[in-house]
Amino acid sequence: MADLDINDVSMSFVDRSGKELRALDRISLAIEHSEFVCLIGHSGCGKSTLLNIVAGLLTPTSGAIRCAGAVVSGTAPERAMVFQSHALLPWMTCVENVHLAVKQAFRGASRSELMDRAEQALKLVHLEHAIGKYPFEISGGMKQRVGIARAFAVQPKVLLLDEPFGALDALTRSSLQDELMRIVETTKTTVVMVTHDIDEAIFLSDRIVALSNGPAARIGRIWKIETSRPRDRLKLTTDFEGIKYRKEILEFLYKKEPFPQLAS
């Protein structure tokens, strides 16, 4: 059984004039246990909308999502989400921000047990030295690590990532990609990630799923990334398979699915 089963999901919105706009059209995708899947596509094609439906933040117009066999009908700790913004509460320390999440996920556990879970999660992302620091005392990359630690602390079946490294500089981004891969390989967590970065998708993914342009976006193409792990990002830039994946994805995005033209 797949960890995540997206079955014939469509999503429509109604604008202020009362006109119905279809964002997603009959999306179906099965994601296996411990698989890392990246969603790519042009801005506005519905990637984040699909991720929000999987998270339970939005209810699809039609179709259903199942996580470990159970129908998704709202948010739950089994599906943890990390956004582009770290979303840390500034008046709480790093460990208190993580503790806030585990307190909701493990109700009934003692405070000492919950604090231990929070501290272990911060150690997982190598932030044991920042446990008692406030968000304003740490860097942007460290803030995002706290957000990742908070997600892993609730022990989700599926981790959902919405461009979590998009606002970071290239070196910090690369470092956090390596960190994420190390943690995912350790925890065997299933991951669905939205990204605009093709190289990031190739480096991280088991499969890359490209959505067609909206409105009424559908799955346009899927690539299975068969490069063996652990992956070397420098080698991927010159490796034949890495170059081939990049070329095919670029061709799909820019030739078969060109940017929509603005009205003159």
Side-chain angles (χ1 to χ4, degrees), residues 1-14 20-85 87 101 104-107 147-148 150-164 166 180 183-184 187-196 201 204-225:
M1 179 187 297
D3 264 7
L4 192 66
D5 187 15
I6 303 169
N7 185 21
D8 207 29
V9 164
S10 296
M11 187 71 196
S12 297
F13 299 94
V14 178
E20 182 178 297
L21 301 173
R22 176 160 286 203
L24 299 171
D25 184 41
R26 293 172 290 169
I27 302 288
S28 292
L29 181 67
I31 299 173
E32 302 300 324
H33 176 64
S34 76
E35 188 176 17
F36 199 123
V37 172
C38 276
L39 303 177
I40 65 170
H42 293 311
S43 294
C45 72
K47 303 182 300 296
S48 292
T49 297
L50 180 59
L51 205 68
N52 286 331
I53 292 172
V54 174
L57 297 171
L58 291 174
T59 302
T61 306
S62 62
I65 307 277
R66 286 179 172 80
C67 182
V71 175
V72 170
S73 58
T75 58
E78 66 184 18
R79 286 162 283 113
M81 192 159 182
V82 178
F83 300 92
Q84 185 170 345
S85 168
Q104 299 301 315
F106 302 101
R107 298 182 184 225
I148 292 170
R150 182 174 53 191
F152 276 108
V154 301
Q155 297 179 349
K157 288 185 174 67
V158 178
L159 179 65
L160 306 172
L161 304 169
D162 193 357
E163 293 192 79
L180 177 62
I183 297 169
V184 168
T187 60
K188 305 301 181 185
T189 306
T190 303
V191 182
V192 183
M193 178 175 176
V194 167
T195 182
H196 283 103
L204 294 173
S205 299
D206 295 306
R207 281 190 296 164
I208 297 174
V209 178
L211 297 187
S212 64
N213 279 343
R218 306 189 73 180
I219 292 177
R221 185 168 174 185
I222 298 174
W223 289 267
K224 185 175 180 181
I225 308 302

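Every residue was checked against the salt bridge (Lys or Arg N to Asp or Glu O under 4.0 Å) condition with Arg26, not counting sequence neighbours, and none meets it. Taking the side-chain contact (heavy atoms from CB on, under 4.5 Å) definition, one finds that Gln104 meets it with Arg107, sequence neighbours left out. Residues that satisfy the side-chain contact (heavy atoms from CB on, under 4.5 Å) test with Ala217, not counting sequence neighbours, are Leu24, Ser212. Under the side chain to side chain donor-acceptor pair (under 3.5 Å) criterion, Asp206 pairs with Arg229, not counting sequence neighbours. Here Thr190 pairs with Asp3 under the side chain to side chain donor-acceptor pair (under 3.5 Å) rule; sequence neighbours left out. For the salt bridge (Lys or Arg N to Asp or Glu O under 4.0 Å) test, residues two or more places apart in sequence or in another chain that qualify with Glu35 are Arg207. Scored by the side-chain contact (heavy atoms from CB on, under 4.5 Å) test, Ala2 finds Ala30, Glu32 as partners (sequence neighbours excluded). Under the rule for a side-chain contact (heavy atoms from CB on, under 4.5 Å), the partners of Ala216 that lie at least two apart in sequence or sit in another chain are Arg22, Asp25. With sequence neighbours excluded, no residue forms a side chain to side chain donor-acceptor pair (under 3.5 Å) with Ser10.
Between the CD1 atom in Ile225 and the CD1 atom in Ile208 there is a gap of 4.0 Å [rounded to 0.5 Å]. Residue Ile183 holds its CD1 atom at 9.5 Å from CG of Leu159, rounded to the nearest 0.5 Å.
Side-chain contact between Ile27 and Ile53 is absent, with no heavy-atom pair separated by less than 4.5 Å. Using a 4.5 Å heavy-atom threshold, the side chains of Val37 and Leu4 count as separate. Using a 4.5 Å cut-off on side-chain heavy atoms (C-beta onward), Val184 and Phe152 make contact. Side-chain contact between Ser205 and Met193 is absent, with no heavy atoms from C-beta onward closer than 4.5 Å. Inter-residue side-chain proximity for Val158 and Cys67 is flagged as met; some heavy-atom pair is nearer than 4.5 Å.
Minimum interatomic distance between Thr187 and Thr189 (heavy atoms only, all atoms of both residues): OG1-OG1, 2.8 Å. The shortest non-hydrogen separation linking Phe83 to Leu57 is CZ-CD1, 4.2 Å. Shown here for Ala23 and Phe13, the closest heavy-atom pair between the two residues is CB-CE1, 3.8 Å. Nearest heavy-atom pair across Gly46 and Leu211 is C-CD1, 4.0 Å. Of all heavy-atom pairs spanning Val72 and Gly56, the tightest one is CG1-CA, 4.1 Å. Between Ser28 and Asp8 the shortest heavy-atom distance is OG-N, 2.8 Å.
Under the side-chain hydrogen bond (donor to acceptor under 3.5 Å, both in side chains) criterion, the residue pairs touching residues 47-69 are Lys47-His196, Ser48-Asp162, with sequence neighbours excluded.
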Can you give each donor-acceptor pair under 3.5 Å made by side-chain atoms of residues 73-82, sequence neighbours left out, with the distance rounded to 0.1 Å?
unit_1	atom_1	unit_2	atom_2	d
Arg79	NH1	Val54	O	3.1
Arg79	NH1	Ala55	O	2.7
Arg79	NH1	Gly74	O	3.1
Arg79	NH2	Gly74	O	2.8

